[in-house]
Amino acid sequence: MPELPEVEVTRRAVTGLLVGRRVTAVATTRPSAFFLTPPKTLRMRLEGRVVQRLERLGKYLVATLDDGSRLLLHLGMTGQLWSSAARAPDAHTHLVLSFADRGPDLLFRDARKFGKVRWLAPGKSDPRLDKLGPDALSITGEHLFQSARRRTAAIKTVLLDQKVLAGVGNIYADEALFLAAVKPTRRARSLTRIECDRLARGIVRVLEAGMAAGGSSIDDFVRPDGGSGSYQDQHQVYGRGGEPCPACGQPIRRVLIGQRSSCFCPRCQR
DNA sequence: CAAATCCCCTGCAGGC
DNA sequence: TGCCTGCAGGGGATTT
């Protein structure tokens with residue numbers, strides 16, 4: 001489940017596979033919700049273009065092309081970018097870009113098809129991007145405090161709201177709340193400024209550790225070369241319901257918050 | 001506007 | 001062995 005660290009690890013790994021290369025062919029599966037821009041249009045717009053840079057905005061990857069247009073990629077739950085040098089296309093490979101230099105293709109594979117592809121004309125934007133809050137790597141306690149104070153929802157729900165901050169998903173939200181010793185079910189507006197400071201530091205810390213470990217490989221995340229991340233080995237609470245808390249030994253509790261499973265230590269987190 | 005709910009989709013684990 | 005059910009969850013759409 002790609003969150004900011006996994007998307008950033010992917011971006012770094014795939015930059016060399018995209019930037020500076022001229023697209024010569026675009027192969028896709030049939031039209032579906034995966035394609036916000038129809039396959040036919042994608043093909044027409046991308047062929048002949050040179051990729052100039054690849055950025056990450058929250059959990060989105062944004063490739064800028066030499067005509068000023070942009071290609072948005074979102075990995076959803078199970079999206080993977082692969083080099084054709086590491087894996088052959090299969091039934092779940094929905095987009096394949098080939099290049100003029102005849103080097104490896106870029107494969108976008110997504111078993112569950114929660115991922116998205118969209119082409120943006122020059123100067124055009126996308127509400128998905130426009131609404132994103134500040135990047136989670138630069139989040140401050142002050143911003144969290146100002147955002148949380150108006151919300152009655154659980155703080156965990158607010159952390160997952162990409163309009164508040166962009167990049168945090170279920171795994172890193174649970175881990176950051178543990179580091180900050182804040183219970184995920186707490187009403188957001190009940191958090192003090194001090195707690196928001198701790199939470200902001202916790203978020204940045206788990207995201208940086210996640211990137212350093214190459215991301216969390218639970219079921220689906222792989223790097224484009226086929227390698228996997230190892231941050232799952234450092235998870236303190238995520239996915240550990242029933243196991244002892246690494247800090248105090250109390251059994252970790254698992255609850256549902258907004259249909260998402262959430263794990264926390266009832267003793268350490270208040 | 002905020003919050004709650006449903007839904008998209010498919011692989012996999014667990015139960016029988 | 002094989003079938004069925006439930007679960008995983010990012011995020012958009014819809015409803016309250």
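Computed over heavy atoms, backbone and side chain alike; hydrogens, waters and symmetry mates excluded. Naming: A, B, ... by sequence-line order, numbering from 1 per chain.
- For the pair A:H74 and C:dG10, the criterion of a side-chain N or O lying under 4.0 Å from OP1 or OP2 is not met.
- Here A:Y238 reaches the OP1 or OP2 of C:dG9: one of its side-chain N or O atoms lies under 4.0 Å away.
- Atom P of nucleotide C:dA13 and atom CG of A:D161 are separated by 15 Å, given to the nearest angstrom.
- Looking at A:W119 and A:T41, their side chains never bring a donor and an acceptor atom within 3.5 Å of each other.
- Linking ILVMFWY residues whenever their side-chain heavy atoms come closer than 4.5 Å, directly or via other members, leaves A:L160 and A:F264 in distinct clusters.
- The side chain of A:R254 lies closest to C:dC7 when the candidates are C:dG10, C:dG12, C:dC7.
- For A:F178 and A:Y172, the ring centers sit 6.0 Å or farther from each other.
- Look at A:H92 and you won't find any side-chain N or O under 4.0 angstrom from OP1 or OP2 of B:dC9.
- Distance A:E3 CD to C:dG11 P: 9 Å, rounded to the nearest Å.
- Checking C:dC7, C:dG10, C:dG12 against the side-chain heavy atoms of A:R128 singles out C:dG12 as nearest.
- One interatomic measurement links the two molecules: CG of A:L75 to C1' of C:dA8, which rounds to 17 Å at whole-angstrom precision.
- What separates CZ of A:F114 from P of B:dT10 is a distance of 9 Å, to the nearest Å.
- Contact between the side-chain N/O atoms of A:S261 and the OP1/OP2 oxygens of C:dG9 is found at a separation under 4.0 Å.
- As a whole-Å value, the separation of A:K156 NZ from C:dG10 C1' is 13 Å.
- With axes fitted over five pairs at each extremity, the angle between the ends of the helix from B:dA2-C:dT16 to B:dC16-C:dG2 is 40° (10° resolution).
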Kindly give the atom pairs (protein nitrogen or oxygen, nucleotide nitrogen or oxygen) under 3.5 Å for nucleotides 2-4 of chain B.
{"from": "B:dA3", "atom 1": "OP1", "to": "A:T152", "atom 2": "N", "distance (Å)": "2.5"}
{"from": "B:dA3", "atom 1": "OP1", "to": "A:T152", "atom 2": "OG1", "distance (Å)": "2.6"}
{"from": "B:dA3", "atom 1": "OP1", "to": "A:A153", "atom 2": "N", "distance (Å)": "3.0"}
{"from": "B:dA3", "atom 1": "OP2", "to": "A:R151", "atom 2": "NE", "distance (Å)": "2.3"}
{"from": "B:dA3", "atom 1": "OP2", "to": "A:R151", "atom 2": "NH2", "distance (Å)": "3.2"}

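- Rounded to a whole Å, the CD atom of A:Q80 is 12 Å from the P atom of B:dG11.
- The two atoms that bring A:V164 and A:P134 nearest to each other are O-CD, 3.4 Å, heavy atoms only.
- Placement of A:V96 and A:M44 in two distinct hydrophobic clusters is found when ILVMFWY residues are connected by side-chain heavy-atom separations under 4.5 Å, directly or transitively.
- Among the heavy atoms of the strands lying under 4.0 Å from A:K59 are primed sugar atoms or P, OP1, OP2 only; no base atom is included.
- A continuous path of hydrophobic side-chain contacts links A:V117 to A:V26 [ILVMFWY only; heavy atoms under 4.5 Å].
- Spacing between atom CG of A:L36 and atom C1' of C:dG12 amounts to 10 Å, rounded to whole angstrom units.
- One side chain, A:T93 or A:D90, offers a donor N or O that lies under 3.5 Å from an acceptor on the other.
- If you look at A:F108 and A:H94, their ring centroids are not closer than 6.0 Å.
- The other members of the hydrophobic cluster of A:L129, by chain and number, are A:L57, A:Y60, A:V62, A:L72, A:L120, A:L132 (side-chain heavy atoms under 4.5 Å, ILVMFWY only).
- Note: the hydrophobic cluster containing A:V23 also contains A:L71 (ILVMFWY, side chain heavy atoms under 4.5 Å, direct or indirect links).
- A donor-acceptor contact under 3.5 angstrom links the side-chain atoms of A:R260 to the base of C:dG11.
- Applying the 4.0 Å criterion to OP1 and OP2 of B:dT5, one finds that A:Q259 has every side-chain N and O outside that range.
- What separates NZ of A:K113 from P of B:dT10 is a distance of 6 Å, to the nearest Å.
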